[in-house]
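Just below is one structure, and these are the notes that go with it.
We count residues from 1, following the sequence as given.
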Amino acid sequence: HKGGVSSVAFHPTDSMVASVGNDDKLKVWSVKTGALLYSFNVKGKYRGTHIQFDETGRYLIRKADQKYFELFKLDKSKSKKLSVDGGIDYQFAADGEKILFQTRKGFVIYNSVTLKEEIAYPLEGIKDFSVSGDKIIATGKFGIRLFNLNFSDLGQIQDNQGIDRIYLTPDGNSAIG
């Protein structure tokens with residue numbers, strides 16, 4: 001990169017690392033050789049937002065600005081722009097086929113291949129959420145709630161007792177908050 005680096009993410013299965021620099025480039029590098037494998041132009045005002053690989057390593061995503069997210073597929077040379085009204089944060093589902101977005105109004109799931117909205121679930125006041133396997137855990141003014149990816153409510157776990165951050169373990173059977 002020319003200039004500083006604002007975000008990095010490690011590939012989940014291969015020896016690669018992705019970085020976004022102040023030069024408006026997202027680059028994917030070989031950890032073993034240092035070779036540049038992919039380079040993308042990034043768009044939008046939010047240079048410093050985090051980037052994330054899906055669990056399969058096929059996709060990268062970043063928040064581009066207040067309304068748009070950029071989705072990068074490693075075998076393509078261009079990103080796809082995805083508009084999510086009120087989008088705040090995002091995480092991939094384990095299969096890489098679904099992207100869960102936190103919005104001001106709740107959750108929205110998009111298909112990462114078609115970029116079509118699949119399902120929306122109203123839940124205001126979300127502070128944080130985590131996805132593992134087919135489960136979603138969220139904390140907010142509603143307490144701590146557990147869902148599956150179809151938003152079937154698996155139950156309220158407890159009052160959140162001031163928990164602002166929450167993580168599901170990789171097997172989806174335990175939470176850390």
Which is it for F142 and I126 under the side-chain contact (heavy atoms from CB on, under 4.5 Å) test, yes or no, and what are the steps along the way?
-> CA-CA 8 Å; F142 45 80; I126 301 167; 3.9 Å; yes
Worked verdict on Y38 versus F72 for ring-ring contact (aromatic ring centres under 6.0 Å, His included) | CA-CA 10 Å; Y38 303 96; F72 303 87; over 10 Å; no
Show the numbers, then the answer: is there a side-chain contact (heavy atoms from CB on, under 4.5 Å) between N41 and K25?
-> CA-CA 5 Å; N41 293 319; K25 300 280 186 191; 2.5 Å; yes
Test side-chain contact (heavy atoms from CB on, under 4.5 Å) on K135 and N173 and set out the steps.
-> CA-CA 9 Å; K135 294 178 185 166; N173 291 326; 3.5 Å; yes
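Surrounding CD of Q66 are at most 12 heavy atoms belonging to other residues, nucleotides or ligands under 6.0 Å away.
Of the N and O atoms on the side chains of S152 and N150, not one donor lies less than 3.5 Å from an acceptor on the other residue. Using a 3.5 Å distance cut-off with no hydrogens or angles, the side chains of N111 and K98 do not pair a donor with an acceptor.
Relative orientation of the F151 and F107 rings is parallel, given thresholds of 30° and 60° on the angle between their planes. Classified by interplanar angle (parallel below 30°, tilted 30° to 60°, perpendicular above 60°), the ring pair Y90/H50 is parallel.
At least one side-chain heavy atom of L71 sits less than 4.5 Å from a side-chain heavy atom of I99. Proximity of F147 to L154: side-chain heavy atoms (C-beta onward) are nowhere separated by under 4.5 Å.
Rounding to the nearest 0.5 Å gives a distance of 8.0 Å between CD of E70 and NZ of K81.
Checking side-chain atoms of D128 against main-chain N and O of I166 turns up a donor-acceptor pair under 3.5 Å. Looking only at distances, a side-chain donor or acceptor of S132 sits under 3.5 Å from a matching main-chain atom of P170.
With sequence neighbours excluded, no residue satisfies salt bridge (Lys or Arg N to Asp or Glu O under 4.0 Å) with K73.
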